[in-house]
Amino acid sequence: FQAEDGIRDYKVTGVQTCALPILQASPNCSCNARARQMDEWGPDLCEQNLPTIVGWLEEQAKARNLPFVRFAGEQAVKLAIRRARKKAAR
C-alpha cells in the first residue's frame, strides 16, 4: 500500500504513500485511485494536500484495524515528498 512517483520512491507507493509499506494493495483498493491522484498532483500539490493524504492513511489503517498515529503518518508522507523531489532533481 503505497504512493507513486511524484510521491513514491522505490519502497513506497500512491504516498505509502499511502504510508503503510507493509500492506499490499488489492486490485479494488481505493489506494490505487489515490496513488494515481497523488501522481497527478506531484510533490508540490501533495504537500498542499497533506491533511487529505494523512486522512486517507488513517482511513485505511482503521479499515484494517491497525493503530494510527497522525504525527507518524504526516512524517511518512513528508519523507515520501522529499524523496520524490530528490529523485526528480537527478
Could you pull out all residues at least two apart from Gln75 that satisfy side-chain hydrogen bond (donor to acceptor under 3.5 Å, both in side chains)?
none
So if I apply the side chain to side chain contact (heavy atoms under 4.5 Å, CB included) rule between Phe68 and each of Glu58, Gln60, Lys62, which one comes out positive?
Glu58
CD1 of Ile53 to CG of Leu45, rounded to nearest 0.5 Å, is 9.5 Å
Please list all pairs meeting ring pair (Phe, Tyr, Trp, His ring centres under 6.0 Å) that have one or both residues in residues 71-90, counting only residues at least two apart or in different chains.
none
When every non-hydrogen atom of Leu50 is compared with those of Lys78, the smallest separation belongs to CD2-CE, 3.5 Å
Roughly how far, to the nearest 0.5 Å, is the CD atom of Glu74 from the CZ atom of Arg70?
6.0 Å
So, using salt bridge (Lys or Arg N to Asp or Glu O under 4.0 Å) as the criterion, who are the partners of Glu59 when residues are at least two apart?
Arg34
What distance do Gln37 atom CD and Glu40 atom CD have between them, rounded to the nearest 0.5 Å?
5.5 Å
Can you see which heavy atom on Pro43 is nearest to which on Ala84, and at what distance?
CG-CB, 4.0 Å
